[in-house]
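Take a look at the structure set out below.
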Amino acid sequence: MKHLFPIFQTHPNLVYLDNAATTHKPQSVISAIVDFYTKSNANIGRSVCCLGDQATQMYEESRQVVQKFLNARYPEEIIFTRSTTEGINLLAKILCQDLEKGDEIILTELEHHSNLIPWQQIAKIKRLQLKFIPVLGTGELSMETYKTLFTSKTRIVSVTHLSNVLGNVTPIKEIVQIAHQNSCLVVVDGAQAVSKILVDVQDLDCDFYVFSGHKLYAPTGIGVLYGKKELLEKLPQYQTGGKTISQVDLQQAIPADLPHKYEAGTPHISGAIGLAKAIKFVRTHCDMQKESMENSQILFHHEKHLTDFLIKKMSELTEVKIFGNSDQKLGLISFTVDGIHPLDIATFLAGKQICLRSGHHCAMPLVKKLGQEGLLRISLGIYNTLEDCEFFIKQLKQAIKLLKGV
Ligand SMILES: Cc1ncc(COP(=O)(O)O)c(C=O)c1O
């Protein structure tokens, strides 16, 4: 698989274990972007020249690829954004516009800052109350407590699909069912999940789902917001300007239909095309291993096997502490090494061309709850091999030996 990703030709000894931060791009995605600028570049939706038509068609076809990938009902339920972060900011603004003082939003203690701070900001302005589903020692959410959080004032639930710190999958379907029984809307942060799990928004029945292309082998600067058509049609606009309107006079403007209502200005056209190519890449490689898949929900079974291998090997090291319940992890492991600062380990491993992450992983409240100031995190991608994992374990042992002086 590495031969399909040019970064590994430039850096043949690279052991890249930071895929939760961003993924590398296959040649097919890079070529699709170069091809667009070489052969089809034009703005979309306006020009009647042949290039404009072609660019518009490619952009709209990309929307259909995303629609199929998420199993959304309609292409217009797919809004191109810049990222997960932008998608959540958009939703926090449009969903809270009509909320009243004292209305409540439920989040979890697991959340990335991108699914926390936009809600904090709007809560401050509108004087809303934030409530949190507690995370248990296993890394799972306390579903019993979740059920008790609802009152007649609860309006929104916003939750991650896969924790970027603990690597466990949250029970979205159950969370949605309970929220809907309480007449609440559900936002799902799919930033980490889309590269690991087959997402079916109709089956999950979530109202909104957001993700970033760059964590799914696509370029940076392109993201997706899925929203149920009947909701997006009724909700207010976010940004406005060119392309978001159907009629304008000097005093007022009438919003365009979906999806353009939410795509203000010239979008990241090549990004959308690159994202569609990345999704096709993922689907092709996922389908190739389908036969051997025990759990049909997991996109890449080899990532799960490598995760289990790493957990087994790391658990044999007495100095290593893994956070969260091991058997639920999907491609992502956070850990500490007793007596050694995470940054020292990360720096040692960087010297061996092993990329991993150290710090709070943009989830400070969770890391604090785990009693830590920082954690190390390894996160796997489609191209990681058993050799990568063995090399990592070998070098981790070396780091411990050297830095602890044992
Ligand atoms: C769970 C989760 N949500 C949101 C984000 C933010 O993604 P982006 O920076 O692409 O907007 C991340 C990024 O790491 C994440 O892991």
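Just so you know, ligand 1 is whichever comes first in the structure, and atom 1 is the first atom listed for that ligand.
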>> When you measure from the side chain of S246 to the backbone of I254, do you find a donor-acceptor pair of N or O atoms at a distance under 3.5 Å?
In response: yes

> Can you list every salt bridge (Lys or Arg N to Asp or Glu O under 4.0 Å) pair that touches residues 150-171, not counting sequence neighbours?
Replying inline: D103-K153, D103-R155

Would you give me the side-chain donor-acceptor pairs under 3.5 Å for residues 82-89, sequence neighbours excluded?
unit_1 : atom_1 : unit_2 : atom_2 : d
S83    : OG     : T85    : N      : 3.4
S83    : OG     : E86    : N      : 3.1
T84    : OG1    : S212   : N      : 3.0
T84    : OG1    : S212   : OG     : 2.5
T85    : OG1    : S114   : OG     : 2.8
E86    : OE1    : R82    : N      : 2.7
N89    : ND2    : T85    : O      : 2.9

>> Can you tell me how far apart NZ (K313) and CG (L396) are? Round to the nearest 0.5 Å.
In response: 13.0 Å

>> Tell me which residues fall inside the under-4.0 Å heavy-atom shell around ligand 1.
In response: A20, S83, T84, T85, H112, S114, T160, N164, D189, A191, Q192, S212, H214, K215

>> I need the full list of side chain to side chain donor-acceptor pair (under 3.5 Å) pairs touching residues 170-188, with sequence neighbours left out, sorted by first then second residue.
In response: K173-D203, H180-D205, H180-D207

> Backbone N or O of I44 within a donor-acceptor pair of the T56 side chain at under 3.5 Å?
Replying inline: no

